[in-house]
Amino acid sequence: PPRIRRLEESVVNRIAAGEVIQRPSSAVKELVENSIDAGASTVSVTVKDGGLKLIQVSDDGHGIRCEDLPILCERHTTSKLSAYEDLQTIKSMGFRGEALASMTYVGHVTVTTITEGQLHGYRVSYRDGVMENDPKPCAAVKGTQVMVSLQLCIVFALLDMYCDFYKKKNLNMQVENLFYNMVARRKTLQNSNDDYPKIVDFISRFAVHHINVNFSCRKHGANRADVHSGSTSSRLDAIRNVYGASVVRDLMEIQVSDENAVDEIFKMDGFISNANYVAKKTTMILFINDRLVDCTSLKRATEFVYSAILPQASKPFIYMSINLPPEHVDVNIHPTKKEVSLLNQERIIEKIKDAIEEKLMNCNNTRIFQTQALNSSALTQANTRKDKGTEVSTPTGEKSQKIPVSQMVRTDPRDPSGRLHTYWQGQTSNLEKKSGLVAVRNIVRSRRNPKDAGDLSSRHELVTEIDYNLHPGLFDIVKNCTYVGVADEVFALIQHNTLLYLVNVVNVSKELMYQQALCRFGNFNAIQLSEPAPLLELLTMALKDDESMSDVNEKEKLEIAEVNTEILKENAEMINEYFSIHIDQGGNLTRLPVVLDQYTPDMDRLPEFMLTLGNDIAWDVEKECFRTAAAAIGNFYALHPPILPNPSGKGIRLYKKNKDSMESAGQADNDLTSTDEDDIDQELLAEAEAAWAQREWTIQHVLFPSMRLFLKPPKSMATDGTFVQIASLDKLYKIFERC
Ligand code: ADP
Ligand code: MG
């Protein structure tokens, strides 16, 4: 076995430094936090070459004592923490005493500082944790200035060392990932201007939260600052200064607290965008106990509420400041303190989610009136764009947030099928109005006829079961996926983030129609058949086609058809009232329900549907009756492949007039080109082509947009092959990286 050796201390320190200072922007964040901890009211940041050449942060805080300067940049030296217990109640942003030290291991650090009442300040430089010379007296204005020049050669040497080390070993999966990260990190670091937008973004966020601190951020040598926030007493002013007036116009204040609960006290206040706000990316500025942090689950929950309530809306702008007792927050779970962990996290998120939902509901109602002035929303959009144009640095701008290449996806989930959203919005609001009416009608009806209330409760149970069975992961996929295209007769391809999935169109559409049948229960629009269809004929046709019935003779089939006709006629009133399937007194089907707007089912399947209704419905048990009827509707309205076979590719052979000659030829399989134009049944072919094209169009423009709005995928779909993940961009990238 290889020898085990103690790593040199400088190596240990550099490895540790890499954790804290992952990129130039993390150095800026640490320095700015130090300034805020020092009670500064002005913080100026200057950056050269995306922070790789020079980072300079000046503040007017309390400064550093001369006698502390020798140990300032050693690891684990801090003025903010003395005993472990202090961690529980710590209010400052720093406490580990690692930031400055880390910077000296990957760069060169110079500090100029003066404390109150002193005549002059001191300047001193550091490398590898120690002073390079004694502090030199110098002229200084109030506060501290820290200059850092990162030394890429050191960072790269470190990365190369890692790479060599792991290349020699047998790679296991975990190590491979680490190795990959290193290579990736080197790449991003080399791309020097990468980090400036990130730095601007950090400073902007700080400026929104610390409204009484005056922040500025500029590129070295630039006259104009890219962020300049005068100190102010109003949060909205601060947001306006940094993100522009157009953002502020569309914000609503929000407050949530949970102070009654015995075991938990939390308060959130903030601003969230309303329905008029337009942006492609979520801006989420989150401070927990005054720390700038990320909380992925809160962000997801918020985005989810937005997409559910304002389906056509853009991504939100959110500023939130959450305050909890310090002992409820564990700040020590991440080297850069970027993520924190909270006590009762789920409950807090749930509360916040509810509050946002309520706010949005209200603003959504108001918006319906606003949109009557047709131009106003167009105007808002134009203004937003204009504002973005003038404020180049606005961190909401698309370019500023870099996505690693391995996660870049080409498509936007709202495009192209999402274009229908405006249309769907109109539909739903009509529906809402109507369901309001229906609710009133139901109340009146249940007063007159108490039995009806019972009917509704078993439907309600079925709807609740749908919610109970929801698979949250699939739900997220359905909500946020991009439709790619049809893959074959049954599957379509969709993309979700960096993953590609095959989706069984028949299964999802069946489920969607089932759920819609229950949702629209008692409240369907109707499809009027052009001619009444005699039930007896439909049923006879279905029995003839049904293979399981092949050993039943014609006479018996007729009897079965007659019995079923009677059953359907007996229950006609009920299925008409609840499902809008209308059968007249002569036993003819005249109307079918609209289960999904813009969509009529494949009438070739009507006989089969009638047979299912007649045969398979449990008429006596209310809940079962509703369930089986909705399932039958689901199956009929689902997007099955058309009955005519797909004529594309080899399928075209099936449209030959002269089938015998084809079969006898034997090698027709390899001989596609020889298919003679004249020998094809053109009429049938055209019909088949139209049916398949129509289906493809419907999948893209009706099914997927509706799924995004309405489908609640059940857990079973995660395992029954309805959704199959087939590729992951991340992994593909890893493979290409190594090629
Ligand atoms: P931490 O912030 O975790 O204490 P740092 O390495 O960031 O560790 O800083 C070490 C110490 O240097 C701080 O505790 C603080 O006393 C002092 N310090 C750093 N930056 C400043 C500053 N801008 N103004 C005043 N003191 C500072
Ligand atoms: Mg610090």
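By convention here, the first residue in the shown sequence is residue 1. Counting starts at 1 for both ligands and their atoms, following the listed order. Every value quoted in this text rests on a predicted model; they were computed, and no experiment measured them.
Of all atoms in ligand 1, listed by their number and element, those nearer than 4.0 Å to a heavy atom of T77 are 10 (C). Against a heavy-atom cut-off of under 4.0 Å, A38 is close to the following atoms of ligand 1: 24 (N), 25 (C). The T78 neighbourhood of ligand 1 comprises atoms 1 (P), 4 (O), 14 (O), with distances under 4.0 Å to a heavy atom of that residue.
Between D59 and ligand 1, at least one N/O pair is under 3.5 Å apart. For a threshold of 3.5 Å applied to N or O pairs, the pair formed by E30 and ligand 1 contains no separation below that value. The distance criterion of under 3.5 Å between nitrogen or oxygen atoms is not met by H62 with respect to ligand 1.
Coordination check, N34 versus the Mg ion (ligand 2): passed, since an N/O/S atom of the residue sits under 2.8 Å.
Atom CD of E358 has 12 or fewer heavy atoms from other residues, nucleotides or ligands within 6.0 Å. Around CD of E116, the count of heavy atoms belonging to other residues, nucleotides or ligands within 6.0 Å does not exceed 12.
Neither the backbone nor the side chain of D37 comes within contact range of ligand 1; no heavy atom lies under 4.0 Å. Only the side chain of I64 comes within 4.0 Å of ligand 1, counting heavy atoms alone; its backbone N, CA, C and O stay farther away. The parts of S79 lying near ligand 1 are both backbone and side chain, judged by heavy-atom distances below 4.0 Å. When non-hydrogen atoms are compared, ligand 1 lies under 4.0 Å from the side chain of T144 (C-beta onward) but not from its backbone.
Closest heavy-atom approach to atom 1 (P) of ligand 1 among the candidates G61, G63, A99, G97: G97. Among L72, L81, N34, the residue whose heavy atom lies closest to atom 12 (O) of ligand 1 is L72.
Taking a cutoff of 4.0 Å between a charged side-chain nitrogen and a carboxylate oxygen, K29 and E33 qualify as a salt bridge. Remark: D294 does not engage K299 in a salt bridge, criterion side-chain N to carboxylate O under 4.0 Å.
Residues I199 and S25 are in side-chain contact: their nearest non-hydrogen atoms beyond the backbone lie under 4.5 Å apart. The shortest side-chain heavy-atom distance between Y277 and V247 falls under the 4.5 Å cut-off. For the pair V148 and L54, the minimum side-chain heavy-atom distance is 4.5 Å or more.
T232 places no side-chain N or O within 3.5 Å of a backbone atom of A238 that could act as its donor or acceptor partner. A donor-acceptor distance shorter than 3.5 angstrom exists from the side chain of R291 to the backbone of S92, with no hydrogens or angles considered.
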